[in-house]
Amino acid sequence: MKTYQVPQEIQDANTLEQKLELLKHIGRSFSVFRIDCGSCNGCEIEIFAAITPLWDPERFGFKLVANPRHADILLCTGPVTRQMYYPLLRAYEATPDPKIVVALGACGVSGGIFYDAYSVLSGIDKIIPVDAYIPGCPPHPASIIYGLTTALGVMEQKLQKVSFEHDGDLPPLVEDSVLGNTLFERDLLVQAKKLMSYVFGRKLFDKYISALTQSGNTKDAKATKISITEAMRVEDDPRYAECMGILHNEIYTQYVSCEEEDKIELHRVKWGAK
Amino acid sequence: MMKLLDISKKYGEITHKYPFEPYKVCENFRGKPAYIFDLCIGCAACGIACPSNAITVQLNDNQSKLIWEFDCGRCIFCGRCDEVCPTGAIKLSEEFELAVKFDKSALIQRGELDVQYCTTCKKPFSAKRLVKYSFDCLSKANVSEKRLEEAKEYLCMCPTCKKTATVATFTSGKEMVIE
Amino acid sequence: MKCDKFIEALSTRVKVLEVTRQCEDQVTALVELNDLPEAVRFLYYDMGGYLTTMVPNDERSINKHYALYYALSMEGGKMFEGDEIAQDEKCFVTIKTLISPDSLVFPSVTPLVPACVWYEREAYDMFGLVAEGLPDKRRLVLSDDWPDNLFPLRKDAMDYRYRPDMKDHYMEPEYEFLRPEGSGIIDVPLGPLHITADEPGHFRLFCDGDTIIDADYRLFYQHRGMEKLAENRMNYDQMGYLAERVCGICGYAHAIACIEAAEKAINLEIPARAQAIRVICSEIERLHSHLLNIGLACEVTGNYNAFMHIFRIREYSMKLAELVTGGRKTYGNVVMGGLRRDITGVEIKESLRILHIIETQVDEVWDAVMDDKRQMSRWKGVGILDKQVARDFSPVGPNIRGSGIKRDTRYDHPYDFFKQIQFDVAVVEGGDVFAREMVRYMELKSSVSIIRQCFELMPQTAIIVDPTFHVKPENYALAYVEAPRGENVHWIMQGSAQKVFRWRCRAATYNNWPSLRFQFRGNNLADAALIVCSLDPCYSCTERVTVVDIKSKKSKILTHSDLKNFARTQKESPLKDLR
Amino acid sequence: MQIIYTLFLLASLLSIFLYKKPLLAQKVGFGLASLISLYATLFFFSNLGETMTWKLPGNFISSPLFRLDSIEMFFSFLVSLIAFAVSLFSFDYAKFYEKKANLAVFASLFNAFILSMLLVIASDNVFSFMLLWEVMTLISALLILINDGKDASKNVMIYLGIAQIGAFCLMVALLIMASFAGSFEFSKFADLNIGFGMSITLFVLLLIGLGSKAGMFPFHVWLPIAYCQCPSNASALMSGVMIKVALFAFIKFSLLLPQFAWFGYILLFMGALSCIFGIIYALASNDYKASIAYSSCENVGIIFLGLGGAFYGLGIHSPLIALMGFIAAFFHILNHAVFKSLLFMLSGNVFTATKTRDMDALGGLHKKMPITSIIFFVAAISICALPPLNGFASEWVIYKTMVMGGMDEGIASRFFFTLSIIALSITGAMAIMAFSKMYGSVFLGIARDTKCVEEAKEVSFIRLVPLALLASLCVGIGIFMKDVIGMLSKIVLTLIPQTSQSVYGLISMPLIIMIMLLCAIIPFVFLYLLKANHKAVRVTEPWACGFLYNKNMQIGSNSFTGDIKKALSFILRYEQEIKIDGYFSKAVYTQKAHDLFWDKLYAPVIHSIMVIADKIGIFQNGRTNLYAAYILIYLCLVLIFGYYYL
Amino acid sequence: MDFFYLLIQLVSAIVVAPLFDGISRKLRAKFQSRVGPSIFQTYLDLLKLLKRGRTKSHSTSYIYQISPYLLFVSAAAMFCALPIVYGAHSAFLSQFSDILVLLYLGALFRFIFIVAGIDTANPYAGVSASREGTLGFYTEEVAVICLVVVMMGAGSTNLSFITTLIQEGHYGYAIPSFSVAATAFLWVMYVETGRKPYDLAEAEQELQEGVLGEYCGKDLAIIDVAILLKQFTMLGFFLVIFIPWRFDNPMLSLITFLAEVGFLYVMGVFIDNFGPRFTINNGIKRTMLFALSIASTSLALYIMGI
């Protein structure tokens with residue numbers, strides 16, 4: 001698809017040397033013009049959040065300007081929708097040379113989730129040359145501050161391309177099961193995730209397994225009940241406590257033969273109330 | 001006016017020193033997905049789950065390696081990859097300082113995994129690690145030795161050959177190999 | 001049952017060909033093409049309905065026709081006290097009609113119900129369906145350089161990745177504005193790159209000096225083609241994330257509306273804890289969105305100090321979101337059947353602390369702002385939305401509540417956990433900027449109390465149901481969520497293979513835009529940005545539309561792998577569609 | 001001296017004789033006019049301060065005497081100076097009217113007009129003055145008619161109507177004065193023995209009679225109508241000098257009356273009203289020529305303020321204030337003649353290039369007509385009284401006069417003088433708006449109506465020469481203001497009895513210029529020291545918020561003043577109307593700024609006259625026997641009247 | 001020698017003005033609970049602008065090119081008209097220090113500003129130009145009424161003369177009309193500095209900085225300095241008439257003057273930082289009427305001879 005060709009005049013005035021020269025001048029005072037090329041607004045709001053008292057980039061001489069003619073840095077967000085293509089170019093041309101273009105957010109960097117839809121052009125760098133990329137969806141205000149300071153050379157870039165090419169011998173990936181059947185762990189983890197999501201579910205899983213191993217004999221339903229109940233009692237967080245009980249009642253009982261009384265009674269106790 | 005002045009006085013200066021002091025995000029912040037190559041088995045679950053297709057798992061040109069590639073620039077930090085990864089090879093970190101200058105390729109992480117060739121048709125179909133992992137799982141899941149043997153053979157076949165083999169098994173009157 | 005009353009009344013007016021029920025409070029009535037305007041008008045004005053959404057659909061693969069669905073929320077006209085339908089009778093009635101692919105013409109409803117204007121303009125853009133008698137036939141959604149005879153949402157129109165060539169940038173075709181006739185007028189462009197509008201949208205203000213004579217606008221700068229994208233590239237689990245990126249401010253409301261539409265279509269009930277957390281997150285979103293808007297309403301008038309302090313407080317709400325969901329803006333925790341992230345006790349404790357901070361500090365700053373006579377003079381009497389205009393255009397959210405009409409989806413059609421929660425609907429008379437900001441402030445307070453109630457009432461259940469449900473092709477349903485700006489309505493018709501057949505996402509602002517022109521008139525140029533801001537517009541919301549499906553070769557390696565069982569259980573949802 | 005008048009007469013006759021060859025007549029007529037007026041300029045200039053008399057040979061109605069005293073000489077100089085520039089300008093410009101009128105007539109009338117003005121100034125006798133005054137009015141009316149437009153006859157009738165009211169008042173005043181003096185010779189009018197009441201009455205009559213001609217408020221309504229109607233060279237002459245002739249006559253006659261401070265107050269009051277209303281209407285107008293015309297009213301007001309000071313000074317026997325006042329008034333008369341005729345000629349250039357007078361259609365003319373534009377810029381700065389040009393110089397003297405007047409103890413004087421200062425400063429603020437708007441919307445930006453502007457091109461050299469001449473006069477008078485004031489004070493001193501005062505404490509224009517130049521160096525020094533980036537400016541589209549730029553986006557003359565018109569709607573009667581039909585249609589917007597005095601004063605009068613005329617029309621129905629009956633009735637009445645009284 | 005001092009007066013104002021701007025920015029940030037820029041930020045901003053490239057719209061003409069210099073010249077000349085380092089004793093220079101010269105140089109500034117705005121053909125610049133003119137209309141009369149009282153009371157339009165008069169106690173606050181005029185005049189001068197809530201012509205949110213919006217690079221830097229100078233002149237105008245502190249040593253009086261003006265400028269933050277901007281149609285009119293009535297009172301007092 002035919003897109004914008006940067007005119008020779010602008011290209012000549014935007015060589016790398018000139019940009020580095022510019023960075024020297026704007027190190028302590030830089031004006032930023034925001035261009036929203038059809039982003040979802042999230043990045044804009046985070047830019048707004050970044051200029052608030054908590055972050056205050058004015059410390060470094062940051063200034064949000066209303067007009068591209070005053071700008072040193074163009075902060076572009078969004079996947080460049082078809083409609084924003086023309087305004088983007090107008091703003092780009094209206095900005096004095098040399099200029100720094102920063103692509104912000106997943107969409108700005110590469111089109112993000114919209115990268116192949118019919119009415120986006122997927123990323124600022126498909127249209128105009130981009131000098132710095134700040135990924136994030138949307139980027140955290142700290143991330144924006146970091147990105148801008150990095151672009152200006154105040155901070156060092158942390159990310160480098162990482163490539164693992166040597167596929168060596170594998171360590172054993174599967175740990176031994178506490179009950180001698182990995183299906184137990186599998187079901188346990190699935191249930192834990194269902195109860196408390198993947199983030200906390202894994203923690204719950206760990207807590208449960210460690211409580212289970214505390215009991216000495218993991219296959220003894222009575223012993224495990226005691227150790228799980230104890231673990232639930234000392235647990236600060238009522239949610240974890242309750243969920244450990246649920247796990248025990250629902251999964252453990254399937255793998256170890258249990259009586260009804262071996263289940264933990266959950267509704268009688270207010271957990272984590274201490 | 002006086003009220004606002006009072007408020008300013010009351011709360012003082014609250015600006016965080018960042019970037020001159022490190023900033024601490026909340027626990028479980030959804031930051032950059034960290035890739036632990038050693039744990040990756042090349043199952044491509046993350047690639048399928050990823051809503052923005054930031055993770056791609058593809059064979060390289062000469063079909064010798066399975067390339068796992070993650071483009072941080074396209075990532076929307078939803079954490080689906082973390083959620084679906086069976087081995088924990090990809091986990092959301094709390095890292096948020098992701099900006100790069102001039103060269104966009106610094107946003108890319110990639111891993112090359114050896115390919116498993118199909119025992120029957122010699123075509124590549126999966127990562128070696130995946131096959132090994134599958135076998136390990138089966139071997140620790142109370143599966144009988146005999147079945148394990150059968151599974152091992154079966155695991156090293158590509159889907160097409162597997163289909164053929166299954167058809168052959170059925171026609172020969174044997175039972176399904178796997179539970 | 002619910003809704004029957006309306007269908008009966010409707011059948012006395014027009015011939016109802018067929019009635020289908022989607023769920024308890026949603027009914028669709030098929031009418032003949034020529035009866036369409038009368039049917040919609042009857043329900044809208046005579047029976048007290050508000051236009052919720054209108055969905056054009058390409059159903060040629062199902063019934064060889066294009067279909068139009070006019071969904072009306074039956075809740076009463078609400079123009080005066082008591083003009084409201086009883087709480088247990090409120091429901092959604094959808095008027096459906098079929099259009100033959102040979103004619104592609106349908107009678108326009110707009111002359112009778114002005115609220116339909118944008119929907120019918122969009123129907124032409126996306127499907128090529130011509131509304132006969134539509135007073136405003138300009139392009140709405142697609143860019144001006146889009147080829148004339150390409151209608152992207154038709155199933156057979158094009159690949160979702162097809163991008164027609166761009167023009168040279170100085171050759172951009174010009175949009176035709178409704179420029180007032182007469183001389184001595186200056187066209188002031190506001191946007192797409194304007195400092196007060198954080199998103200692109202072009203408002204053409206026709207001014208004499210500082211007075212706005214009339215205004216017109218060209219929006220949809222953020223048309224990203226999401227609907228197409230969703231129909232092609234995405235499965236249900238990915239759609240939630242796409243829906244969340246419909247908008248960066250009220251994204252979460254979109255995400256739940258979208259997922260709930262899919263859930264409603266198959267009558268899937270999610271666990272109560274998940275419901276509560278959805279409500280908590282959406283109320284957190286309301287907190288930061290309203291704080292944002294009040295802050296911006298100060299900022300566009302030049303009151304930086306108040307802006308800065310309000311944004312300082314807003315950071316607490318962002319912190320709250322970060323704490324509860326792991327992300328400041330995109331919460332990313334909705335999946336079909338429930339949630340992806342739980343809230344534990346530690347977080348609840350911390351959240352309650354932050355809520356207390358927000359509550360007290362908001363009061364302080366609001367008091368200070370209310371004390372400022374200058375600020376009040378900038379807000380009061382500016383950008384008045386007349387009550388009758390509001391009735392005619394079905395705006396939503398604080399926009400209509402500021403005009404004294406008590407419309408709130410949480411109250412009219414309580415969804416999720418709202419059935420168990422007590423709250424007051426904030427309604428302020430006046431219709432000016434001040435009234436709208438006042439509504440926002442009151443909602444801020446009620447949001448805090450809703451979140452507290454949710455924390456208290458949240459049951460200890462799982463947060464997701466077993467992934468054993470099946471989607472049913474051609475089922476459709478409407479889901480509605482009261483986002484900070486008003487109700488977001490998503491309509492999903494399910495398709496086969498884990499994909500949607502048609503996803504219609506109607507953002508709150510979409511209903512608010514058409515009446516904006518009448519709010520501009522007669523105000524000052526200085527107030528233009530303020531008026532736009534007080535609408536709390538979400539450009540990107542309005543301009544969504546399109547998503548896609550790619551996943552291809554790479555996944556096939558796995559598809560038939562031996563790990564089927566492992567995959568199914570351990571990685572629940574992502575691999576479901578691989579079966 | 002007589003030779004000048006004769007030459008003008010000859011030139012006029014010669015041009016009319018070339019009736020058959022209009023183009024030649026134009027060349028000859030205007031060429032001669034410029035030569036003669038150049039000679040006249042030099043002649044009058046060299047004789048400034050001298051006195052000359054001249055009697056018309058023969059016994060033509062009480063043998064009119066013509067007399068040039070120092071102020072007459074000054075005004076004659078002014079007339080011939082402007083006449084020189086304008087006729088040089090017309091040499092090429094008049095061609096534009098080739099199709100509309102016979103150029104020979106035009107040239108002839110032009111010469112006759114200059115002649116009539118010179119003679120009015122010189123006449124020293126009530127009869128000849130009134131006669132010439134009417135001739136001048138008539139010729140100017142004919143000049144207006146040269147440009148045969150839609151409402152030409154109606155517009156001329158308005159002009160003539162107001163001129164007749166004025167002439168009537170003037171005549172009454174002069175006759176009363178003559179009856180007091182017992183002579184029709186002006187030289188016998190001195191030291192009239194008139195009481196306060198009668199003086200005031202006469203003064204007011206004179207003010208109405210001559211003020212109406214000068215375009216004083218509320219008789220300003222004819223200004224835009226007549227000036228917009230007539231060719232620009234004629235309006236340049238009319239506004240540049242005809243108004244000054246009226247002012248001259250006013251000064252001359254009112255000085256003949258016994259002096260009272262109230263003369264000053266009346267003048268200050270009328271001047272303040274004139275300048276405020278004049279500039280408000282100039283500001284509200286979207287027609288550049290009308291706007292310039294209205295600003296004549298404003299400037300006449302300013303001159304009246306100066307005169308007010310002078311008359312007040314005379315009234316309270318304070319020669320210093322009187323001196324300052326007269327200097328201020330004369331200085332401003334000179335300046336106004338220069339820049340106003342310059343502006344009218346420039347407007348002629350714009351009109352011939354674009355064929356439109358609507359500022360909302362123009363724009364971007366600088367690129368087509370750079371020299372006209374730059375001269376316009378100078379003229380605009382000058383008329384806005386901005387330093388360091390001549391407008392500032394004269395207004396400064398006026399301010400100075402008023403401060404001196406306002407320092408007196410009397411409450412009345414303080415009141416009138418302070419109010420006048422305030423009026424003057426408001427006028428200044430609005431003049432800036434009016435002329436920056438005019439300059440901006442005509443010459444800057446981009447064309448609003450491309451059709452009009454596209455074909456515009458710079459006018460010929462010969463037309464630019466007089467413009468450049470006047471522009472350099474604007475600058476020159478500004479710089480050498482001390483010398484000009486010195487010259488003026490010599491002339492003015494003849495008007496004031498007990499002439500011992502001299503002007504002191506004047507602002508030094510060269511100092512201002514010097515300091516401004518000094519300041520101008522500073523940015524360059526800083527730019528050099530700090531090594532600024534001097535790279536060439538890259539040209540892009542105007543920034544319209546990212547949207548496609550369109551020419552309607554630049555501010556037009558109407559909406560530029562939208563706010564101020566709204567704020568002043570109690571005077572301007574700025575009416576805005578928005579018609580909206582349904583939710584989805586285009587709005588229809590109409591706005592109009594009315595002239596309050598036209599609406600409230602003139603329109604009803606004209607309307608009632610029309611009604612009365614209609615009613616009278618009943619008698620005039622064309623039947624012969626009815627007319628015979630009228631004659632019979634008349635005869636009977638005369639007979640009865642004669643019978644009883646004779 | 002006087003000329004030399006005048007040059008020092010001008011240059012030192014140019015050099016010092018950004019510092020006070022920086023201080024007021026810092027103070028503003030403190031009110032907003034944040035750190036804010038360093039107090040030298042304005043210098044850095046201006047220096048950066050000098051180094052930047054420039055773009056302009058194709059509609060512009062020579063006015064665009066010369067207007068920064070013209071604006072600077074008029075603002076600088078206005079500043080020179082303030083008798084700080086020279087006084088009535090310097091017969092030559094004190095001629096220049098005239099209230100009317102100052103007012104009309106201000107008018108020249110406004111004229112150039114308006115013309116420059118229209119020249120860019122930018123809608124916001126145009127509206128900004130219109131507002132500048134309208135604002136001038138509102139402020140001029142109040143300013144002049146106050147000045148009339150002073151001029152007539154002191155009997156001269158010459159600033160250095162008036163200053164001397166007031167300093168020597170022949171004229172001043174003992175006269176009610178003078179002290180009443182002072183309050184109204186302070187209001188006008190604050191409006192003339194073009195800071196919030198009266199920054200209508202350059203309002204960032206509404207007009208995207210109006211006329212300044214189309215200027216960039218060194219042009220913008222010059223205009224910025226010109227505007228700073230104008231703000232200083234306006235505050236200085238008030239000080240010179242109503243709080244004249246002058247010493248025999250020109251440098252001493254210059255330093256005290258700059259400190260005074262800077263103090264006023266920084267104190268402006270208390271108005272500038274709180275509350276929103278006015279609208280041109282109502283807000284200004286209302287506050288103007290208030291100031292106008294004060295000014296008229298002082299005028300009435302003067303007319304009655306009090």
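Each chain gets a letter, A, B and so on, in the order its sequence line appears, and its residues count up from 1.
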Discussion item. Can you tell me which portion of E:Val148 sits under 4.5 Å from chain D's heavy atoms? Options are side chain, backbone, both or neither.
Written reply: side chain

Worksheet item: Side chain, backbone, both or neither: which part of D:Leu527 has an atom under 4.5 Å from a heavy atom of chain E?
Response: side chain

Discussion item. Run the side-chain contact (heavy atoms from CB on, under 4.5 Å) test on D:Val537 and E:Thr60 for me, step by step, so that the C-alpha distance in whole Å, both residues' side-chain angles and the decisive distance to 0.1 Å come before the verdict.
Written reply: CA-CA 11 Å; D:Val537 190; E:Thr60 53; over 6 Å; no

Discussion item. Using the rule side-chain contact (heavy atoms from CB on, under 4.5 Å), only one of E:Ile222, E:Ile14, E:Leu46, E:Val225 pairs with D:Phe526; which is it?
Written reply: E:Ile14

Discussion item. Report which part of E:Thr120 has an atom under 4.5 Å of a heavy atom belonging to chain D: side chain, backbone, both, or neither.
Written reply: backbone

Item to complete: Below 4.5 Å from any heavy atom of chain E, which atoms of D:Phe560 appear? Answer side chain, backbone, both or neither.
Response: both

Fill in: Minimum heavy-atom distance between E:Ser130 and D:Met433, given as atom pair plus value
O-CE, 3.6 Å

Discussion item. Whether the side chain of E:Asn122 engages the backbone of D:Trp543 through a donor-acceptor N/O pair (distance < 3.5 Å, no angle test) should be reported.
Written reply: yes

Going by atom type alone, with no hydrogens or angles, which donor-acceptor pairs under 3.5 Å involve a side-chain atom of residues 515-522 of chain D and a protein atom two or more places apart or on another chain?
none

Worksheet, complete the sentence: Under 4.5 Å to a heavy atom of chain E? For D:Ala536 that would be backbone

Worksheet, complete the sentence: Bottom line for D:Leu283: the part with an atom under 4.5 Å from chain E's heavy atoms is neither

Item to complete: Take E:Phe137 and D:Leu568 through the side-chain contact (heavy atoms from CB on, under 4.5 Å) test and state the conclusion after the steps.
Response: CA-CA 11 Å; E:Phe137 164 73; D:Leu568 294 173; 3.7 Å; yes

Fill in: Contact class of D:Met553 relative to chain E, heavy atoms under 4.5 angstrom
both

Fill in: Any D:Pro387 side-chain heavy atom under 4.5 Å of E:Val101 side chain
no

Worksheet entry | Nearest atoms (heavy-atom pairs only) where E:Tyr302 meets D:Gly406 | OH-O, 2.9 Å

Practice prompt. Below 4.5 Å from any heavy atom of chain D, which atoms of E:Leu147 appear? Answer side chain, backbone, both or neither.
Written response: neither

Practice prompt. Check each atom of D:Ser413 against the heavy atoms of chain E and say whether the ones under 4.5 Å are side chain, backbone, both or neither.
Written response: neither

Worksheet item: Do you know the tightest heavy-atom contact between D:Gly428 and E:Tyr104?
Response: CA-OH, 4.5 Å

Worksheet entry | Side chain proximity check, D:Val539 to E:Lys56, heavy atoms < 4.5 angstrom | yes

Discussion item. Please identify, among D:Phe435, D:Phe377, D:Phe417, the residue contributing the most non-hydrogen atom pairs under 4.5 Å to chain E.
Written reply: D:Phe377

Item to complete: Report yes if the side chains of E:Arg54 and D:Lys535 come closer than 4.5 Å at any heavy-atom pair, otherwise no.
Response: no

Fill in: Proximal component of E:Leu47, with respect to chain D [non-hydrogen, under 4.5 Å]
side chain

Discussion item. Using side-chain heavy atoms (C-beta onward) and a distance below 4.5 Å, is D:Lys400 in contact with E:Thr157?
Written reply: yes

Worksheet item: Contact part of E:Leu108 toward chain D, heavy-atom cut-off under 4.5 Å: side chain, backbone, both or neither?
Response: both

Practice prompt. Select, from D:Pro542, D:Pro388, D:Ser425, the one with the greatest count of heavy-atom pairs under 4.5 Å involving chain E.
Written response: D:Pro542

Item to complete: Would you mind checking which part of D:Met514 comes under 4.5 Å of any heavy atom in chain E, side chain (CB onward), backbone (N, CA, C, O), both or neither?
Response: side chain

Worksheet item: Do E:Lys218 and D:His534 come within less than 4.5 Å of each other through their side chains, counting heavy atoms only?
Response: yes

Worksheet item: If only atom types and distance count, is the side chain of D:Tyr549 paired as donor or acceptor with the main-chain N or O of E:Ala121 below 3.5 Å?
Response: yes

Practice prompt. With a 4.5 Å heavy-atom cut-off (strictly below), which parts of residues 362-370 of chain D touch chain E? List them by number.
Written response: D:His366, D:Lys367

Worksheet entry | Criterion side-chain contact (heavy atoms from CB on, under 4.5 Å) on E:Met152 and D:Ile421, from CA distance to verdict | CA-CA 11 Å; E:Met152 301 225 173; D:Ile421 293 189; 3.3 Å; yes

Worksheet item: Are side-chain heavy atoms of E:Tyr62 and D:Ser373 found at a separation under 4.5 Å?
Response: yes

Fill in: chain D contacts, top residue of E:Tyr64, E:Phe79, E:Tyr69 (heavy-atom pairs, under 4.5 Å)
E:Tyr69

Item to complete: Against chain E, label D:Phe443 side chain, backbone, both or neither, depending on which of its atoms sit under 4.5 Å from a heavy atom there.
Response: neither

Practice prompt. For residues E:Val115 and D:Ser436, report the shortest heavy-atom separation together with the two atoms involved.
Written response: CG2-CB, 3.8 Å

Worksheet item: Any idea which of D:Gln554, D:Lys566, D:Arg538, D:Met430 has the most non-hydrogen atom pairs under 4.5 angstrom with chain E?
Response: D:Arg538

Practice prompt. Check each atom of E:Asp98 against the heavy atoms of chain D and say whether the ones under 4.5 Å are side chain, backbone, both or neither.
Written response: side chain

Fill in: Closest approach of E:Ser61 to D:Leu444 (non-hydrogen atoms, all atoms of both residues)
OG-CD2, 3.3 Å

Worksheet, complete the sentence: Heaviest contributor of heavy-atom pairs below 4.5 Å to chain E, chosen from D:Leu424, D:Ile512, D:Leu419, is D:Ile512

Discussion item. Under a 3.5 Å distance rule, please check whether E:Ser59 uses its side chain to pair with a backbone N or O of D:Gly445 as donor and acceptor.
Written reply: no

Discussion item. As an exercise: rank D:Leu530, D:Ile381, D:Leu386 by heavy-atom pairs under 4.5 Å with chain E and give me the winner.
Written reply: D:Leu386

Fill in: Centroid-centroid distance, D:Tyr439 to E:Phe111, less than 6.0 Å
no

Worksheet item: Heavy-atom distance under 4.5 Å between the side chains of D:Lys531 and E:Lys51, does that happen here?
Response: yes

Practice prompt. Report yes if some heavy atom in the side chain of E:Ile99 is under 4.5 Å from a heavy atom in the side chain of D:Tyr399; otherwise report no.
Written response: no

